[in-house]
Amino acid sequence: PYSFIQDVGFIELIVHAFPSYTIKSRPYYCSLINKLHAEKKVMLLEKLKKTDHVSLTSDCWSSINGESYITVTSHFISDVGTFDSYVLTTREFPTNHSAENLSTFFTAVSKTWFIEDKIERIVTDNARNVTNAVTLSGNKLFRCAAHTLNLCANDSLKSDSIVNIL
């Protein structure tokens with residue numbers, strides 16, 4: 001929230017760290033951030049328009065307060081040959097994490113960014129609801145190799161024979 005700009009602790013920090021800086025109003029920073037976001041979104045839409053193939057990664061998590069969030073990140077080779085990755089969305093996901101709800105979300109994100117016909121794969125963890133959501137959305141799934149390796153390592157460490165070897 002932009003209200004932190006008015007917090008006494010934040011003001012004291014800025015005065016101490018940057019004595020010559022004048023803190024502007026909350027509406028100023030709100031307007032600035034919204035303008036920067038709009039400019040970056042237009043830039044990313046142009047980049048995505050110029051590429052034929054996009055892969056997505058996605059993950060869900062919960063905050064310390066129990067609020068659920070989801071992020072979708074795009075990965076593609078740009079028209080100038082660079083490997084680009086951009087977060088398309090990070091938002092609260094207060095609804096049930098069912099495959100149907102997640103599938104609807106993935107579809108909405110792909111339509112928002114005009115990439116629905118460009119998605120090669122969606123990389124996720126191994127959660128059944130998420131893998132089913134990818135399939136329901138009509139996309140191809142690729143399970144995250146690092147996540148799978150981590151699951152294998154953790155399971156093997158629980159084995160009595162491995163504990164004795166270590």
Side-chain angles (χ1 to χ4, degrees), residues 1-7 10 24-155:
Y2 297 110
S3 61
F4 75 89
I5 292 166
Q6 300 166 322
D7 290 347
F10 178 76
K24 298 176 179 57
S25 68
R26 180 172 146 178
Y28 169 83
Y29 293 108
C30 184
S31 173
L32 179 66
I33 290 170
N34 288 337
K35 180 182 175 206
L36 289 171
H37 179 265
E39 290 171 2
K40 293 295 182 183
K41 184 172 182 177
V42 167
M43 179 270 308
L44 180 53
L45 282 166
E46 284 300 314
K47 283 187 168 212
L48 289 168
K49 187 189 298 185
K50 294 176 183 176
T51 191
D52 294 325
H53 308 282
V54 178
S55 290
L56 302 177
T57 53
S58 183
D59 197 16
C60 300
W61 72 96
S62 296
S63 72
I64 236 173
N65 299 327
E67 300 162 327
S68 295
Y69 293 90
I70 187 168
T71 292
V72 177
T73 305
S74 64
H75 310 275
F76 57 95
I77 298 175
S78 73
D79 62 326
V80 295
T82 59
F83 180 74
D84 290 350
S85 294
Y86 292 93
V87 172
L88 300 180
T89 188
T90 296
R91 62 180 49 177
E92 189 173 3
F93 199 80
T95 60
N96 181 297
H97 288 199
S98 69
E100 293 79 14
N101 289 341
L102 290 166
S103 173
T104 300
F105 180 77
F106 291 145
T107 301
V109 169
S110 68
K111 286 182 179 182
T112 297
W113 291 96
F114 305 101
I115 58 172
E116 54 264 46
D117 296 327
K118 298 180 178 194
I119 299 172
E120 294 296 325
R121 298 278 189 279
I122 299 180
V123 181
T124 70
D125 60 18
N126 293 319
R128 182 165 295 177
N129 58 330
V130 181
T131 59
N132 288 344
V134 172
T135 303
L136 276 174
S137 68
N139 291 291
K140 295 177 185 169
L141 171 69
F142 189 85
R143 296 172 192 259
C144 178
H147 185 262
T148 302
L149 182 60
N150 185 43
L151 290 173
C152 291
N154 284 332
D155 282 351

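Residues take their numbers from the sequence shown, with the count starting at 1. Computed from a predicted model, the values in this text were never measured in an experiment.
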Asker: Would the distance check show the side chain of Asn65 and the main-chain N or O of Glu67 forming a donor-acceptor pair, the cut-off being under 3.5 Å?
Answerer: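 No, Asn65 side chain to Glu67 backbone: no donor-acceptor pair under 3.5 Å.
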Asker: Using every non-hydrogen atom in the two residues, find where Lys24 and Tyr28 come nearest and quote the distance to one decimal.
Answerer: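 In this case the closest contact between Lys24 and Tyr28 is CD-CE2, 3.2 Å.
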Asker: Got Asn139 and Leu56 here, is their nearest side-chain heavy-atom distance under 4.5 Å?
Answerer: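 They are not in contact (no side-chain heavy atoms under 4.5 Å apart), so the answer is no.
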Asker: How about Val134 and Phe106: do any of their side-chain heavy atoms sit closer than 4.5 Å?
Answerer: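 Touching, per the 4.5 Å side-chain cut-off.
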Asker: NZ of Lys118 to OG1 of Thr51: how many Å apart, nearest 0.5 Å?
Answerer: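 Output value for this atom pair is 6.5 Å.
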Asker: Once rounded to the nearest 0.5 Å, what's the spacing between atom CZ of Phe4 and atom CD of Gln6?
Answerer: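 Rounded to the nearest 0.5 Å, the CZ-CD separation comes out at 10.5 Å.
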Asker: Distance check, rounded to the nearest 0.5 Å: Glu46 atom CD versus Leu44 atom CG?
Answerer: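 It comes to 10.0 Å.
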Asker: To the nearest 0.5 Å, what is the distance between CG (Asn34) and SG (Cys30)?
Answerer: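 The CG atom of Asn34 sits 4.5 Å away from the SG atom of Cys30.
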Asker: Could you grab the distance from atom OG of Ser68 to atom CZ of Arg91, nearest 0.5 Å is fine?
Answerer: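 It is 14.5 Å, given to the nearest 0.5 Å.
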Asker: Under 4.5 Å between any side-chain heavy atoms of Ser78 and Lys50, yes or no?
Answerer: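 Heavy-atom side-chain distance check fails, nothing below 4.5 Å.
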Asker: Report yes if some heavy atom in the side chain of Tyr86 is under 4.5 Å from a heavy atom in the side chain of Lys47; otherwise report no.
Answerer: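 Tyr86 vs Lys47: side chains touch.
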Asker: Which of parallel (below 30°), tilted (30 to 60°) and perpendicular (above 60°) describes Phe93 and Phe105?
Answerer: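 Ring orientation of Phe93 relative to Phe105: perpendicular.
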Asker: Backbone N or O of Ser137 within a donor-acceptor pair of the Ser103 side chain at under 3.5 Å?
Answerer: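 Indeed, once roles are kept as given, a pair shorter than 3.5 Å links the two residues.
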Asker: Rounded to the nearest 0.5 Å, what separates atom CD1 in Ile122 from atom OG1 in Thr131?
Answerer: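 Going from the CD1 atom of Ile122 to the OG1 atom of Thr131 covers 11.5 Å.
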Asker: Are Tyr29 and Tyr2 near enough that their ring centres are under 6.0 Å apart?
Answerer: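 Aromatic pair excluded; centres sit 6.0 Å or further apart.
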Asker: Does any part of the side chain of Thr104, heavy atoms only, come nearer than 4.5 Å to the side chain of Thr95, both counted from C-beta?
Answerer: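 Thr95 vs Thr104: side chains apart.
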Asker: Got more than 12 heavy atoms from elsewhere within 6.0 Å of NZ, Lys49?
Answerer: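 No.
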Asker: Determine, step by step, whether Val72 and Thr112 satisfy the side chain to side chain contact (heavy atoms under 4.5 Å, CB included) criterion, reporting the C-alpha distance in whole Å, the side-chain angles of both residues, the deciding distance to 0.1 Å, and the verdict.
Answerer: CA-CA 12 Å; Val72 177; Thr112 297; over 6 Å; no
Asker: Is the side chain of Ser110 donor-acceptor paired with the backbone N or O of Thr107 at a distance under 3.5 Å, no angle test?
Answerer: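 A pair under 3.5 Å: yes.
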Asker: Do Ile77 and His53 touch side chain to side chain, with heavy atoms closer than 4.5 Å?
Answerer: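 Counting from C-beta outward, Ile77 and His53 never come under 4.5 Å.
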Asker: Is a side-chain donor or acceptor of Asn101 paired with a backbone partner of His97 at a separation under 3.5 angstrom?
Answerer: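 It does not hold such a pair.
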Asker: Report the relative orientation of the aromatic rings in Trp61 and Tyr69; use parallel for angles under 30°, tilted for 30 to 60°, perpendicular for over 60°.
Answerer: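 Plane angle under 30°, so parallel.
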Asker: Counting C-beta onward and ignoring hydrogens, is there a side-chain heavy-atom pair between Trp113 and Leu45 closer than 4.5 Å?
Answerer: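 Trp113 reaches Leu45 side chain to side chain.
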Asker: Checking side-chain hydrogen bond (donor to acceptor under 3.5 Å, both in side chains) against Thr71, which of Thr89, Asp59, Thr90 comes through?
Answerer: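 Answer to the side-chain hydrogen bond (donor to acceptor under 3.5 Å, both in side chains) test with Thr71 among Thr89, Asp59, Thr90: Thr90.
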Asker: Any side-chain heavy-atom pair from Leu102 and Ile70 closer than 4.5 angstrom?
Answerer: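 Yes - at least one pair of side-chain heavy atoms lies under 4.5 Å apart.
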Asker: Starting from the C-alpha separation in whole Å, work towards a yes-or-no answer on side-chain hydrogen bond (donor to acceptor under 3.5 Å, both in side chains) for Asp84 and Thr82.
Answerer: CA-CA 6 Å; Asp84 290 350; Thr82 59; 3.0 Å; yes
